[in-house]
Number of protein chains: 2
Amino acid sequence: MKPTLQAVADAVGVSRSTVSNAYSRPDQLSTALRERILEAARQLGYPGPDPTARSLRRGVVGAVGVLFTSQLSYAFTDPFAVRFLAGVAGAAERHGTSLLLVPLPDDAPGARRAVESAAVDGFCVYCAGDESWALDAIRARNLPFVTTAPRADAGPADRFVGIDERAAARTAAAHVVGLGHRRVALLGDTVLPGVPSGELRLADVTDVPHPTTRGRLAGFADAFAEVGVAWPELTLLSAAGNSRTAAAAAVAAVLAGPDRPTAILACSDVLALGVLDALAGTGGPPCAVTGFDDIAEAAEAGLTTVRQPAEEKGRRLAELLLDPPEDPAAGHVLLPTELVVRTSTGPVPRR
Amino acid sequence: MKPTLQAVADAVGVSRSTVSNAYSRPDQLSTALRERILEAARQLGYPGPDPTARSLRRGVVGAVGVLFTSQLSYAFTDPFAVRFLAGVAGAAERHGTSLLLVPLPDDAPGARRAVESAAVDGFCVYCAGDESWALDAIRARNLPFVTTAPRADAGPADRFVGIDERAAARTAAAHVVGLGHRRVALLGDTVLPGVPSGELRLADVTDVPHPTTRGRLAGFADAFAEVGVAWPELTLLSAAGNSRTAAAAAVAAVLAGPDRPTAILACSDVLALGVLDALAGTGGPPCAVTGFDDIAEAAEAGLTTVRQPAEEKGRRLAELLLDPPEDPAAGHVLLPTELVVRTSTGPVPRR
DNA sequence: TTGAAAGCGCTACCAA
DNA sequence: TTGGTAGCGCTTTCAA
């Protein structure tokens, strides 16, 4: 039987309130009495107020939830996610708040229940697809939340820290355009749900459901449209998952085909690295490749990419949740991005 | 005012127990009534039972704490820790348990309070130095816990998943010995607390307080002792922190000095990579370098190292906590390690 | 400076 | 199958 606060009170001969005060409001009692209480607690092996009971009573938990709309282990597998989390963790640490990583089961009702039953004071939602159900559940609980992207269903009070996906992607494509490339392929993760890795035809970029992927593809397309290369002339590739192997599989056929692109623009560095893998295993003329995020491996691989500040994104997001700004406009943050040109993008090879 | 279970009960005209059952024990009431209750809840915007109240009543939280005895952000900064966490997260996910990452303030009493007030059902303790105070606090709360290393103060019922640090380190050193190296340096992270990066004299390896570092250094020493190179003849280097820059700083002087070692054995890959950094910036004869852990960067850098299964370590540790084995002996796990020879270790250069 | 009373929101037992 | 009762362990007024 674990000793309770009551037991300590009895042992010392004071009321529960006084023992409670000894822990939570030291200024509410004499030092002598407090010492006596703490000593008795030590004797009894009382480990201090029960966190759950305290939370119930106070109505505050002291933890924020972090939601990844996919496997939780993804959070530790994807290099960008890891750096993002490092930022979140740093901010939480400074604030003295714990981080609750909530695993979401595959089934929708189970996932919703997971969100409903997380003991947290708020949520950081890492937007990785369609998580509106999660936001609904969070709103139903009346908990504050922040997201990593502006959302279509967002109200003016909803806070986020994101980037201008479209404009950022456009800079990468503009660079490729400037190198003279016109026959190009765009590669995204799961451009349409359920399609296998490989080529895909889509009437319009607006048909891409995933907002981040849609934004980046649209940005790529913008730069090519400007030089007269319209959407239908761009080869669209989809990888079944954000992994090097999926990316390599997605580009294999088109690299071997008759209309081999001279450049491939990927929606993430992980995908781009997969393209480089595929290229390394193939002969043929050089092919320019761009990525997105600028993870550590990108630099080593000489990958031209769009850098976004991963840790800062996490840090500022957590801060937005933990220290809400007075001004609602300050809750809408777009971080700067930067095109990083390395060796993976060269001019169109002469034939 | 948030609706409570009581409000739903009133709305439907049933008792609280029945509403509670509708959520927690669907088999305890008719489907029709359950539907009616759930519908009313939806109408009222009742998001389901309050997690904290439920935890208090049930005595179970549904989360395990993960304790890093250092900055929480370290967990996302160190590549080995990240892969370890991926393993923990995977196991937790399969088990439907959340992970609470608890930040520890710098001051001892605050850190203890953090452990005392974490709402969890148990702890995974990542051993990174002296965390006995944390274990004391956990024991006082009567919570189950598991650690990443066997501990001196462990009872037979205490569970851990570790490696044989000493034997593993010895294999790396034996490899270096086999290459003919006799004038060598050993590099550890914070070999003695508070000393700056650089050389250090220590009467005996047992004087190293950090158990992991001590074990690895002892293993290194073992292999050299076997060929007649005693402890005092080994150069001992300490890095102020497990970082590349600290490692590079720690080896700078000895690399420039008259008794330049022909090999440097580091207690972690991160440190070894720092040594390679320093070497790259220096002239002079080649110097063999070994690491420990086999993180992804090690392969790219051609680093000879001792591989330990990072993800498996995390996974099995979490499983040990979540599904305690019947047999207490099964709670003591030593994972296999493997020497991975790459290009960073060559024979002693002829002069 | 201390204590009594009133719950926080829920679940589990047992009886109907 | 349903409901009444009795707390889980704590904090917080408010009054003494």
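Everything quoted here is computed from the prediction, not taken from an experiment. A, B, ... follow the sequence lines: proteins, then strands. Residue 1 opens every chain.
- In terms of the ring-ring contact (aromatic ring centres under 6.0 Å, His included) criterion, residue partners of A:Phe76 (sequence neighbours excluded) are, by chain and number, B:Phe76.
- Remark: A:Phe145 pairs with no residue by the ring-ring contact (aromatic ring centres under 6.0 Å, His included) rule, at least two apart or across chains.
- In this view, A:Glu35 satisfies the side-chain contact (heavy atoms from CB on, under 4.5 Å) rule with no residue, not counting sequence neighbours.
- DNA chain D lies under 4.0 Å from at least one heavy atom of each of the following residues of residues 9-20 of chain A: A:Arg16, A:Ser17, A:Ser20.
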Show which side-chain atoms of residues 38-45 of chain A pair as donor or acceptor with protein atoms under 3.5 Å away, not counting sequence neighbours.
residue	atom	partner	partner atom	Å
A:Glu39	OE1	A:Arg42	NH1	2.6
A:Glu39	OE2	A:Gln43	NE2	2.9

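- Listed by chain and residue number, B:His332 satisfy the ring-ring contact (aromatic ring centres under 6.0 Å, His included) test with B:Phe160 (two or more places apart in sequence, or in another chain).
- Sorted by first and then second residue, the salt bridge (Lys or Arg N to Asp or Glu O under 4.0 Å) pairs with a member in residues 93-112 of chain B read B:Arg94-B:Glu319, B:Arg112-B:Glu116; sequence neighbours excluded.
- Residue pairs meeting the side-chain hydrogen bond (donor to acceptor under 3.5 Å, both in side chains) criterion with at least one member in residues 5-14 of chain B, sequence neighbours excluded: B:Gln6-B:Asp10.
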With 3.5 Å as the limit, what N/O pairs link the protein to nucleotides 14-16 of chain D?
none

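- For A:Tyr23, the ring-ring contact (aromatic ring centres under 6.0 Å, His included) test picks out A:Tyr46, with sequence neighbours left out.
- Listed by residue number, A:Ser24 are the residues of residues 21-43 of chain A with a heavy-atom contact under 4.0 Å to DNA chain D.
- Pairs passing the side-chain hydrogen bond (donor to acceptor under 3.5 Å, both in side chains) check and including a residue from residues 47-57 of chain A, sequence neighbours excluded, read A:Ser24-A:Arg54.
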